[in-house]
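Since the structure comes first, as structure tokens, the remarks are kept for the end.
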Amino acid sequence: MSISSLKDFSKELHARSRTFATANMIASENRQSHFVRNLLSSDAACRYFFSGEEGLRAFPGGNQWMAFQEAGEASLRRLGKAEYCNLRPLSGLHAMTVAMLALTDPGDTVLSLSPNFGGHYATGGLSKRLGRSSLYFDLLENGLLDESSLLNAIEVQRPRLVYVDQCHGLRPVDLTDIVRVVRSVSFDVLIHADVSHGLGLVLGGAIANPLDSGCDSYGGSTHKTFPGPQKGVLLTNCEEISLKFGAAQFETI
């Protein structure tokens, strides 16, 4: 073994020792449980399947593992206060893509939170790549909603979707205020909350549930809350939107 290889090996050992000695505040940076690690090293980790009758016919090799996904969906429906749960997205960005495809058509306008005020960096660019127009609304310097900015955007631009994608900030944006302002102009505008970075707080009741606040749907990544592989989730109480999420998934293939 060369000197450079030994140095690389030493660095790797040091990195691993930090992993064992550190409790990170980001779930995806923490160690996985033995249960999760055992699953990821089992046959379940390499199986590809869809739940439902079509999945049973198409991918029989994964049938024995469907119970795990069904149990996860049931738990997230209960914790998320939602009638419908879609666990097919492979990540938060995949969930964002599916939501935009499901809730808008090419040429529609997607209104999201400005990156200057904590909005996700990828939302505007992704909406444009999908053939949608992208606009932003602002917050005030103290992190509260700038109602005039949002109201003006709704009245003038008439977006099809308000995609609330706060990924950092001094405080969680008040979804109830956003819904109130949007609904004062139109009931046709759909409102989706991407709570990737605060999903655990929503499920635990520390932050208001987006559906209770009046949003049509919400979701995001799961691995920022549950240590484990990257995954995404979409939740709603509307059957029509749930069906659109399922149909839009195939548009991303």
Side-chain angles (χ1 to χ4, degrees), residues 22-33 35-36 69 71-87 89 91-96 98-99 112-123 137-147 150 161-183 190-238 241-242 245:
T22 303
N24 290 286
M25 297 300 292
I26 302 175
S28 58
E29 290 294 309
N30 281 319
R31 294 178 60 201
Q32 297 167 352
S33 68
F35 178 73
V36 170
Q69 177 167 310
E73 289 174 346
S75 296
L76 285 170
R77 283 197 302 270
R78 175 175 56 83
L79 293 171
K81 300 181 180 179
E83 293 186 34
Y84 305 96
C85 172
N86 188 319
L87 264 179
S91 67
L93 282 175
H94 190 202
M96 179 189 291
V98 172
S112 57
L113 179 61
S114 169
N116 294 329
F117 292 92
H120 196 281
Y121 71 91
T123 310
F137 67 92
D138 298 332
L139 300 180
L140 299 173
E141 292 299 330
N142 59 6
L144 297 176
L145 178 66
D146 185 342
E147 294 193 12
L150 177 59
L161 172 65
V162 176
Y163 193 97
V164 187
D165 55 335
Q166 185 181 29
C167 65
H168 62 82
L170 297 175
R171 65 184 75 190
V173 64
D174 194 326
L175 294 172
T176 303
D177 284 344
I178 291 177
V179 172
R180 172 176 53 79
V181 172
V182 173
R183 297 290 179 246
L190 296 172
I191 305 171
H192 178 87
D194 189 322
V195 297
S196 294
H197 298 79
L199 178 62
L201 297 174
V202 172
L203 299 180
I207 293 178
N209 184 292
L211 299 179
D212 290 341
S213 298
C215 293
D216 297 286
S217 56
Y218 75 102
S221 61
T222 59
H223 52 274
K224 296 182 182 68
T225 297
F226 304 105
Q230 291 194 32
K231 194 66 177 168
V233 63
L234 294 166
L235 299 151
T236 183
N237 282 328
C238 176
I241 289 178
S242 177
F245 285 154

Go through the steps to decide whether Phe137 and Leu113 satisfy the test side chain to side chain contact (heavy atoms under 4.5 Å, CB included), and finish with yes or no. CA-CA 5 Å; Phe137 67 92; Leu113 179 61; 3.8 Å; yes

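In this structure, the side chains of Phe117 and Asp146 stay at 4.5 Å or more apart for every pair of heavy atoms. Side-chain contact between Leu175 and Tyr218 is absent, with no heavy atoms from C-beta onward closer than 4.5 Å. Considering only heavy atoms from C-beta on, Asn86 stays 4.5 Å or farther from Ser242 through its side chain. For the pair Pro115/Thr123, no side-chain contact is recorded, criterion being any heavy-atom separation below 4.5 Å from C-beta on. Annotation: side chain of His94 is not in contact with side chain of Gln230 (no heavy-atom distance under 4.5 Å).
Note that OH of Tyr84 is 8.5 Å distant from CG of Asn237, once rounded to the nearest 0.5 Å. Here Leu150 contributes atom CG and Asp177 contributes atom CG; the two are 9.5 Å apart, rounded to the nearest 0.5 Å. Residue Leu170 holds its CG atom at 8.5 Å from CG of Asn142, rounded to the nearest 0.5 Å.
When all heavy atoms are compared, the tightest approach of Asp138 to Ser114 is OD1-CB, 3.5 Å. The two atoms that bring Leu234 and Ala95 nearest to each other are CD2-O, 3.9 Å, heavy atoms only. Scanning all heavy atoms of the two residues, the minimum distance from Leu145 to Leu139 falls at CA-CD2, 3.8 Å. Nearest heavy atom pair, residue Val179 against residue Gly214, reads CG2-C, 3.8 Å. Of all heavy-atom pairs between Leu87 and Gly232, the closest is CD2-O, 3.6 Å. Smallest separation of non-hydrogen atoms from Arg77 and Glu83: CD-O, 3.1 Å.
Sparse packing is recorded around NZ of Lys81, with 12 or fewer heavy atoms of other residues, nucleotides or ligands lying under 6.0 Å away.
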Can you list, pair by pair, the side-chain donor-acceptor contacts under 3.5 Å of residues 191-207, counting residues two or more places apart and other chains?
unit_1, atom_1, unit_2, atom_2, d
His192, ND1, Ser217, OG, 2.7
Asp194, OD1, Ser196, N, 3.1
Asp194, OD1, Ser196, OG, 2.7
Asp194, OD2, Tyr163, OH, 2.8
Ser196, OG, Ser221, N, 2.9

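The backbone N or O of Cys215 sits nowhere less than 3.5 Å from a side-chain atom of Ser213 that would complete a donor-acceptor pair.
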